Amino acid sequence: MNHKFKVDENKCIKCGLCVNDCLTGALEKNKDNLPFMKNPLKCIKCQHCFAICPNGAISIMGKNPEDSAAVKQINPDDILNLIQTRRSTRNYKQENVPKETIEKLKAMLNYVPTGCNFHKLHFSFIEDINVMDEFRVMVNNKLISLLNTKTVKFFADKLNKFAKYKDAFLNGEDVIFRGAPHLVVVSAPIESPCINQDGIIALSYFELYAKSLGLSTLWCGFCQAVLKLFPSFCEYLQIPKGYQPVYVMLFGIGNIEYKRATQPDEFTFTTIEQHEIEVGIFDKIKRFFWNFIR
Ligand SMILES: Cc1cc2nc3c(=O)[nH]c(=O)nc-3n(C[C@H](O)[C@H](O)[C@H](O)COP(=O)(O)O)c2cc1C
């Protein structure tokens, strides 16, 4: 494996930061205290050596330090406000998001973290409202025929939680796509070490960056279920062979404006302090079950 690890000896101050920050021990110092790639097979291509170098002396995989984004100080209040005021949106303008904005979103996605730096996500975008309409009609038709089969009808009526969605859907409401003009599906190779986590993290970043660009989004569990139920839609969305759809996000220009943040119920938090623990056998069994169920 050639990582093209290069050190500009005129710039390197031999501080050793790159070697110390190398997670896997792929880098070592030579007798002149210069870093070199001792164990290329161990390198996970995280580029920490490249990012940490105070002098931009390191290049790896052909990357030029001068082409990297600089580290900026960001106002924490702005980040918090972005998180507090992001909203699931179910009302969209019937127009395409400008191409340049979608390109910005795609460029951002390259920076999301992945477990073990596996970095092999795929993103399928519907960028044209007419294509979205075609997809919407195909999905809805397929679901209507499914809901009209006797067995599904029987179970759908029993599942109270979903009954109202089913009725609204059969009355012609766009329950699945909520009139969104676009969607993005994230998929990952089935051998990914952290398949679900990677995809969900990517869409979480997408949601927030999209909001900062003036867009609205909606996590779409219903469409994710449709992809699981009808794998042929994965072909329509050009999800690569050997990849599994992880989740779907709808997006577009919102047709409504939320004026303030919500005030959600608080989650539970504990601060762990030093203490003795004694766990009974039944609690041990229950904990094992809670950890592994689903
Ligand atoms: C994983 C996930 C899946 C979701 N799937 C859907 C969906 O299929 N349809 C929908 O209308 N909302 C969906 N939502 C949105 C939630 O219902 C929404 O978060 C909730 O209504 C609270 O609104 P908020 O996101 O504005 O705080 C989903 C949210 C998450 C996190």
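Below, all heavy atoms of this structure are taken into account, side chains as well, without hydrogens, waters or symmetry copies. Both ligands and their constituent atoms are indexed starting at 1 by order of listing. In this text, all values refer to a predicted model and were calculated from it rather than measured experimentally.
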Undergrad: Got the residues with a heavy atom under 4.0 Å of ligand 1, by chain and number?
TA: R86, R87, S88, R90, R178, L218, W219, C220, G221, F222, Y247
Undergrad: Which residue pairs pass the side chain to side chain donor-acceptor pair (under 3.5 Å) test when at least one of the two sits in residues 181-192, sequence neighbours left out?
TA: none
Undergrad: Side-chain atoms of residues 235-250: list all donor-acceptor pairs with protein atoms under 3.5 Å, sequence neighbours left out, distances to 0.1 Å.
TA:
unit_1 : atom_1 : unit_2 : atom_2 : d
Y236   : OH     : E134   : OE1    : 2.5
Y243   : OH     : K120   : O      : 3.3

Undergrad: With rounding to the nearest 0.5 angstrom, report the CG to CZ distance, L34 to F36.
TA: 10.5 Å
Undergrad: Do the ring planes of F123 and F125 sit parallel (below 30°), tilted (30 to 60°) or perpendicular (above 60°)?
TA: tilted
Undergrad: What donor-acceptor contacts under 3.5 angstrom involve side-chain atoms of residues 48-56, with partners at least two apart or in another chain?
TA:
unit_1 : atom_1 : unit_2 : atom_2 : d
H48    : ND1    : D21    : OD2    : 2.9
N55    : ND2    : K11    : O      : 2.8

Undergrad: Give a yes or no on whether the ring-centroid distance for Y205 and Y111 is below 6.0 angstrom.
TA: no
